[in-house]
Each structure stands twice: as C-alpha cells, then as structure tokens.
J.: 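Can you keep this structure in mind? I'll have questions shortly.
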Amino acid sequence: MIIPKAERLHSEELKEIEDIAKEFECSILEIHGRNRCVYAILGDENHAVMFKRIAGLSYIRKVDMIESSYKLMDRRSGLSDHIVRMGETEVGKDAPFIIGGPCTIDPSNPELYVETAHALKEAGVDALRGGVWKPRTNPYSYQGDENALDIILRAREETGLPIDVEVMDADQLKLALEAKVDVLQVGTRNALNYSLLKQIGRESAETNSAVLLKRGRHMASINEFISAAEYLVAEGNPDILLCPRGTTPPLDGYRNHPDESITPLLKNRTWAPVIVDPSHSVGHADYVLACSLAAIAYGADGLCIESHIDPRRGIGDDPKQAITPEKMKELIQACRSAFPSRYKAI
Ligand code: PEP
Ligand code: MN
C-alpha cells in the first residue's frame with residue numbers, strides 16, 4: 001500500500017511508480033477515498049528492492065508491506081482512517097447508525113411502504129431499507145418487482161433519508177446505480193459471489209453508493225467475510241459496511257443463529273464500520289431487541305432492522321420478523337439508555 005504525501009499522485013508520479021512496479025511484474029491500483037487516494041500494489045509484493053525504490057521517491061509518505069490476505073481492509077492499511085459517510089452523517093461516529101424498513105416492498109400497496117418510512121423517520125432511524133428484488137430460498141415465493149424501486153425512491157424523496165436496496169445481478173445493479181441508491185446491499189447468498197462483488201466494486205467506485213455486505217450465512221469464516229469485502233475495495237469502493245446477519249448451523253430445524261459476537265473480531269482486524277442485522281440473526285420479532293442490545297454491547301457501529309407499520313400485512317420475512325415503528329422507537333431509546341457513552345450529546 002502506497003500513501004503519497006499529497007491527496008493524490010500526479011499522472012507523471014503515478015507513471016513513474018507503475019514503471020517501477022512493472023519491472024517486478026506488479027501493477028498499481030488507485031483507490032479513491034473521500035479525502036485522498038491510496039495505491040495498492042497488485043502482484044507478488046515480496047520484492048524488497050521495489051519497496052525501497054518506491055518508498056524513496058520524494059512525493060511518497062510511506063509504503064506499507066501488509067502481509068495480510070486483505071491488505072486494503074486491514075486495520076493497518078492506508079485506509080485505516082477512512083470514514084463511511086451517508087450524507088452529512090459519519091456512520092457510527094455520533095451514535096449507532098440505524099437502518100430500518102420492511103424486508104420486502106409490496107408493489108401492490110405503495111402507501112404501506114411510504115407510511116412505514118415516515119413512521120420510521122419519526123422513530124429516529126438514519127436510513128431506510130426495503131427489498132425490491134428478493135433472494136428467496138423457495139423459487140415459488142415472491143421474487144421481487146422492479147416497480148418497487150420507484151416506491152422506495154419516493155420514500156427517500158419524501159423523508160430525505162438515504163436508502164438501502166439489495167442487488168443480485170448486473171441488471172439490478174445498473175438500475176440501482178441509475179437511481180443513485182445510497183447503499184447497495186449484497187445479501188448473504190451473494191456474499192461469496194466474487195464476480196458480482198468485483199462488478200459492484202468497480203461500477204460503484206466513482207459513485208456515492210456505499211455497499212452493505214452481509215456475512216455468508218453458512219458460517220463464512222471471518223477471513224472469508226473480510227476477503228469478500230476486499231474484492232469490493234480492491235475494485236475501488238472503500239465505502240463498505242460489514243453486516244453480520246446470523247448463520248445457519250448444520251442443525252436440523254435451526255436456521256437463525258446470531259453472530260453479533262464477531263463484531264469485536266471484525267473491528268480488531270479491519271477499519272470498516274460493522275452494522276449488525278438482528279432481524280435475520282434471530283428470525284423472530286420477539287428477539288430483535290435483545291439481539292440489538294447485544295450487538296451494541298459488542299461495539300457495533302449500527303443496526304439494520306426489519307420494520308413494518310403492520311407486519312401482518314407485510315410480505316417476505318415481515319410477518320414473522322418485522323418490528324413496528326413504535327417498537328423501533330423503544331429499541332433506539334433502549335440502546336441509548338443502556339449505552340449512553342455511545343451517543344454524543346447533540
Ligand atoms: C434481507 O435483507 O431481506 C435479506 C434477504 O437478507 P439476507 O441476505 O441476510 O438473507
Ligand atoms: Mn428479509
């Protein structure tokens with residue numbers, strides 16, 4: 001990882017470094033942070049001479065040799081002070097960042113979504129979620145509908161809150177980027193789909209869209225989880241939110257095993273904010289509060305919670321998992337009372 005003295009290398013400087021790297025069969029990748037650029041060395045980095053030559057250039061502040069399989073996500077990397085911003089908000093800095101909204105937007109009843117969005121804003125959430133396209137275990141279950149995108153865009157317009165939408169393929173990504181979706185969600189099923197991760201990282205690199213990456217549900221190891229995020233950053237988008245969302249252990253009938261306790265491990269190894277999803281972690285509205293409190297206790301920077309104004313009328317996971325906006329308000333207050341030090345006085 002190369003960190004220049006200035007915010008960004010001039011093209012002649014970059015060319016000089018690329019020429020050195022080429023001699024050692026390496027190449028250079030420019031990564032745009034919000035405030036400055038850092039440069040990753042791709043290829044076999046174990047060339048002390050190459051490092052010394054690059055480190056010796058007058059316009060270079062430092063060259064890190066991080067021997068980690070995720071050298072950009074690593075806490076010791078040049079991105080360690082990177083802050084993910086959502087509008088004016090620095091995610092997780094002043095208070096846990098709360099994303100809320102239904103599992104699935106019902107396109108046949110737009111008012112239900114829009115009313116939920118207003119009620120959630122009132123309850124104190126920082127961003128809205130809502131499934132437009134849905135990854136369903138059963139191929140005969142509702143699969144989503146493009147028309148739902150307009151509904152969540154309307155909710156963003158009316159509430160002013162950023163929106164989080166899952167994308168599962170290139171066509172959906174294109175529509176989400178055209179709509180300037182603030183958070184592109186990569187769900188647990190695609191969490192290890194490396195071609196999709198690369199494409200999302202590449203195509204969102206020059207946009208303001210962050211990526212919320214869920215952990216692979218079938219017990220993806222910490223290393224696998226962080227390496228999946230590395231794919232996104234290595235293609236140029238450092239605005240990553242890591243999302244533990246529970247796993248499915250190999251126990252018959254046991255689908256939701258919470259994993260918020262990996263938060264300290266993730267924060268120890270990486271610099272990225274951790275947003276825990278208590279809804280899919282526990283799979284039932286009754287346990288969402290306890291899981292949310294546990295997540296904040298473990299140091300999570302935020303929560304992504306399924307919520308619906310009338311869960312019984314919801315589709316997808318909502319009837320069993322969604323909490324009401326009133327419960328969301330209580331949950332936000334419960335987090336504030338239990339962990340006052342996590343809230344800056346405002
Ligand atoms: C969702 O957020 O509704 C969803 C399908 O999530 P996951 O990928 O974690 O199952
Ligand atoms: Mn869901």
Side-chain angles (χ1 to χ4, degrees), residues 98-107 112-113 116 120 125 127-139 141-145 148-149 151-152 162-169 172-173 176 181-193 196-197 200 210-220 224-225 228-229 232 240-249 254-260 262-263 266 274-285 287-288 291-292 295 300 302-308 311-324 328:
I98 311 293
I99 305 173
C103 170
T104 305
I105 302 169
D106 181 353
L112 265 188
Y113 186 84
T116 300
L120 285 172
V125 308
L128 298 171
R129 59 153 288 148
V132 172
W133 302 282
K134 293 306 298 179
R136 303 305 299 277
T137 305
N138 183 338
S141 301
Y142 175 73
Q143 301 283 309
D145 183 333
L149 187 57
I151 302 172
I152 195 168
I163 54 171
D164 162 20
V165 173
E166 176 168 359
V167 292
M168 298 184 291
D169 62 38
Q172 296 167 6
L173 175 63
V181 162
D182 307 271
V183 182
L184 301 163
Q185 179 171 313
V186 179
T188 192
R189 285 123 173 132
N190 274 310
L192 303 174
N193 178 345
L196 182 66
L197 292 171
I200 292 176
V211 183
L212 180 138
L213 174 68
K214 300 236 185 164
R215 178 183 179 204
R217 167 174 143 210
H218 294 286
M219 321 280 282
E224 266 176 335
F225 186 20
L232 294 158
I240 303 298
L241 306 169
L242 292 174
C243 182
R245 49 79 72 207
T247 61
T248 299
Y254 196 44
R255 184 181 162 107
N256 304 92
H257 186 257
D259 60 349
E260 70 282 339
I262 68 168
T263 301
L266 295 171
V274 176
I275 305 288
V276 170
D277 170 348
S279 305
H280 294 89
S281 290
V282 295
H284 198 286
Y287 311 128
V288 168
C291 184
S292 301
L303 301 166
C304 178
I305 304 177
E306 290 191 343
S307 178
H308 193 291
R312 287 164 313 170
R313 292 168 74 199
I315 54 178
D317 294 327
D318 290 321
K320 71 179 161 77
Q321 240 166 245
I323 60 170
T324 60
M328 178 72 93

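All ligand and atom numbering here is 1-based and tracks the order in the structure. Starting from 1, each residue takes its place in the sequence as its number.
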J.: Check each of T247, T188, D259 against R215 using the side chain to side chain donor-acceptor pair (under 3.5 Å) test, and report the only one that passes.
T.: D259
J.: Of all the atoms in ligand 1, which lie at a distance below 4.0 Å from a heavy atom belonging to R189?
T.: 10 (O)
J.: Could you pull out the atom name of the N/O/S atom in E306 that is nearest the Mn ion (ligand 2)?
T.: OE2
J.: Closer than 4.0 angstrom: is that true for some heavy atom of C103 and an atom of ligand 1?
T.: yes
J.: Would you call the rings of Y254 and H257 parallel, tilted or perpendicular, taking 30° and 60° as the class edges?
T.: perpendicular
J.: What angle sits at the Mn ion (ligand 2) between SG of C103 and NE2 of H280, to 10°?
T.: 170°
J.: With atom 6 (O) of ligand 1 as the reference point, say which of E166, R217, M168, K214 has the nearest heavy atom.
T.: K214
J.: Return the minimal non-hydrogen interatomic distance between F225 and C243, and the atom names on each side.
T.: CZ-N, 3.5 Å
J.: Given side chains that start at C-beta, do those of R189 and T137 come closer than 4.5 Å, heavy atoms only?
T.: yes
J.: For ligand 1, find out whether one of its N or O atoms is nearer than 3.5 Å to an N or O atom of D317.
T.: no
J.: Using a 4.0 Å cutoff against the non-hydrogen atoms of K134, which atoms of ligand 1 qualify?
T.: 1 (C), 3 (O), 5 (C)
J.: Within the distance-only criterion (no hydrogens, no angle test), does the side chain of E224 pair as donor or acceptor with the backbone N or O of A220 below 3.5 angstrom?
T.: no
J.: Can you name the nearest heavy-atom pair linking D182 to P162, along with the distance?
T.: OD2-CA, 3.4 Å
J.: Which of the atoms in ligand 1, numbered in the order shown and given with their element, are less than 4.0 Å from a heavy-atom of G187?
T.: 8 (O)
J.: How far is atom 8 (O) of ligand 1 from the closest protein heavy atom, and which atom is that?
T.: T188 N, 2.8 Å
J.: So, 2.8 Å as the limit: is an N/O/S atom of D318 located closer than that to the Mn ion (ligand 2)?
T.: no
J.: Using side-chain heavy atoms (C-beta onward) and a distance below 4.5 Å, is R129 in contact with E306?
T.: yes
J.: Over all heavy atoms of both residues, which pair between G246 and S281 is shortest? Give the atoms and the distance, please.
T.: N-OG, 3.3 Å
J.: Where is the nearest protein heavy atom to atom 4 (C) of ligand 1: which residue, which atom, and how far?
T.: H280 NE2, 3.5 Å
J.: Report the part of R129 in contact with ligand 1, treating N, CA, C, O as backbone and CB onward as side chain, heavy atoms under 4.0 Å; options are side chain, backbone, both, neither.
T.: side chain
J.: With respect to K214, which candidate in D277, V186, N190, L242 satisfies the side-chain contact (heavy atoms from CB on, under 4.5 Å) definition?
T.: D277
J.: Please find the N/O/S atom of D317 nearest to the Mn ion (ligand 2) and write down its name.
T.: OD2
J.: Quick check on contacts: which atoms of ligand 1 are under 4.0 angstrom from a heavy atom of R245?
T.: 7 (P), 9 (O), 10 (O)
